2 protein chains.
Amino acid sequence: MSLPHALLTSLLEQPCAGMDLARRFERSIGFFWPATHQQIYKELGKLEAAGWVSSAAEEGARGRKRRYDVLPAGKLELQRWVAESDDPPPLRDALMVRLRAEAALGSGAGVENDLRHRLARHRAQLALYEAIEQRDFSGRELSAAEQLQHLILQSGLATEREQIHFCEKALVLLAALQPAGV
Amino acid sequence: MSLPHALLTSLLEQPCAGMDLARRFERSIGFFWPATHQQIYKELGKLEAAGWVSSAAEEGARGRKRRYDVLPAGKLELQRWVAESDDPPPLRDALMVRLRAEAALGSGAGVENDLRHRLARHRAQLALYEAIEQRDFSGRELSAAEQLQHLILQSGLATEREQIHFCEKALVLLAALQPAGV
DNA sequence: CCAGACATGTAAATTGTTACATGATTGT
DNA sequence: ACAATCATGTAACAATTTACATGTCTGG
């Protein structure tokens with residue numbers, strides 16, 4: 001479980017309130033570790049209980065807004081965790097199960113729906129990544145740190161392209177399996 | 001949640017007992033939807049309660065071994081589900097969080113451990129897939145159904161290669177970030 | 001007959017999702 | 001003052017993992 005460490009990382013980059021974290025998760029770290037605001041609040045409570053972060057009412061902010069900061073103990077914990085290792089996360093993909101199910105049922109069961117749906121999603125995601133690459137990583141020299149960021153983005157790009165290729169090819173093969181309007 | 005439908009698919013391919021399912025999951029369907037024997041037994045109970053499978057003590061087998069078969073209602077349910085669609089499964093990868101944490105901590109925190117660990121895993125997985133490809137899909141004409149199987153395997157191959165490339169490149173960039181023996 | 005393997009489970013803990021509830025502030 | 005919005009939560013549920021427990025046959 002990496003949520004606590006994802007939160008520590010994000011707070012280390014920029015101390016802020018729970019809601020701000022939730023918003024940042026939607027487009028940066030949460031990209032690799034999605035989390036809802038409910039999860040985040042609960043986890044922030046645990047982090048504070050563990051003495052890894054401190055919180056204080058935020059001056060000049062509306063409502064009960066609190067600001068969370070990483071404490072030295074939290075930084076140590078994050079350092080400890082970074083040096084650990086895990087197996088690659090297991091895949092769990094309903095589309096693959098559907099393809100197999102369609103084969104077991106004999107064709108005409110309708111996986112094409114899911115294939116086309118996913119194709120649209122992956123194309124949209126790819127377009128997003130390409131826009132980000134264009135905006136942040138093009139036309140200039142990059143520092144080593146920036147090159148690492150770029151590598152991560154490129155990995156996302158490669159994944160989306162692979163998925164698109166897969167869906168397109170699968171659709172072609174399925175069409176070949178059921179020539180008439182089954 | 002696709003476990004019930006993964007089980008229906010597997011039972012449709014070949015009726016068998018819970019333990020056999022668990023074993024088959026380890027190297028075929030469970031590749032896309034991992035599940036332990038505990039999960040499988042519980043889910044088989046639900047499938048039977050729903051009238052989607054039937055079970056009978058298996059003749060000539062040891063112990064309390066039971067054989068599960070898909071009933072017509074189960075086949076209909078599977079057909080219904082195959083035509084549905086889902087979003088691509090969200091990514092949740094601790095390695096990416098670690099890379100980001102290392103950047104936030106300033107280098108020398110030790111992500112290399114995880115990178116090297118994952119590199120080894122992905123190389124092993126790639127070798128496995130390559131052996132399967134060699135054994136099952138080389139040197140002959142493939143039917144459309146076999147081509148689809150092959151496509152799925154190729155997708156796995158592409159993913160492993162991409163992951164290997166990513167880890168290797170990340171290790172190089174990290175070495176550039178911390179030139180001395182930090 | 002009993003050790004070991006095989007087959008089937010039960011229980012608790014963890015993690016994540018979904019739906020709902022409350023408090024505080026701003027703009028009108 | 002009151003609607004809209006922002007910030008923080010609570011509760012119930014669903015899915016998965018981990019650890020443990022039990023029953024039944026086979027081989028020595």
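As the structure is a prediction and not an experimental result, all values here were calculated from the model. All chains are named by letter (A, B, ...) in the order of the sequence lines, taking the proteins before the strands, and each is independently numbered beginning at 1.
- Here the P atom of nucleotide D:dA7 and the CG atom of A:D20 are 6 Å apart, to the nearest Å.
- Here the P atom of nucleotide D:dA7 and the CZ atom of A:F25 are 17 Å apart, to the nearest Å.
- Between the side chains of B:R24 and B:S10, at least one donor N or O sits under 3.5 Å from an acceptor N or O.
- Rounded to a whole Å, the CD1 atom of B:I40 is 13 Å from the C1' atom of D:dT16.
- If you check the side chains of A:D86 and B:H117, you find no donor sitting under 3.5 Å from an acceptor.
- Among B:W81, B:W33, B:F32, the one residue that satisfies the ring-ring contact (aromatic ring centres under 6.0 Å, His included) test with B:H5 is B:W81.
- Distances shorter than 4.0 Å separate some side-chain N or O of A:R92 from OP1 or OP2 on D:dT16.
- Separating the OH atom of B:Y68 from the C1' atom of C:dG9 is a distance of 10 Å, rounded to the nearest angstrom.
- Not one side-chain nitrogen or oxygen of A:R64 sits closer than 4.0 Å to the OP1 or OP2 atom of C:dT22.
- Base engagement by B:M19 is indicated by at least one non-hydrogen atom pair under 4.0 Å involving a base atom.
- Side-chain atoms of A:L3 lie closest to C:dG16 of the nucleotides D:dT8, C:dT18, C:dG16.
- For the OP1/OP2 pair of C:dC6 and a distance below 4.0 Å, the side-chain nitrogens and oxygens of B:R23 include no atom meeting the criterion.
- Closest contact between the side chain of A:Q38 and the listed nucleotides C:dC20, C:dA24, C:dG9 involves C:dC20.
- At least one side-chain nitrogen or oxygen of B:Q39 sits closer than 4.0 Å to the OP1 or OP2 atom of D:dT17.
- Nearest-nucleotide positions on DNA chain C for B:G18 and A:M1 put B:G18 closer to the 5' end.
- What separates NZ of B:K46 from C1' of C:dG9 is a distance of 15 Å, to the nearest Å.
- At whole-Å resolution of the value, NZ in A:K65 and P in D:dG9 are 13 Å apart.
- Protein atom CD of B:E58 is 15 Å distant from nucleotide atom C1' of D:dT24, rounded to whole Å.
- Nearest-nucleotide assignment on DNA chain C puts the 5′-proximal partner with A:W33, out of A:H37 and A:W33.
- If you take CG of B:L44 and C1' of C:dT8, they are 11 Å apart, rounded to a whole angstrom.
- Checked for salt-bridge contact, A:R67 and A:D20 miss the test: no charged N lies under 4.0 Å from a carboxylate O.
- Look at B:E13 and A:R100 and you find a salt bridge, because one of the NZ, NE, NH1 or NH2 atoms lies within 4.0 Å of a carboxylate O, short of that distance.
- Contact between the side-chain N/O atoms of A:Y41 and the OP1/OP2 oxygens of D:dT8 is found at a separation under 4.0 Å.
- Residue contacts shown for A:A35 are absent, as no nucleic acid heavy atom lies under 4.0 Å away.
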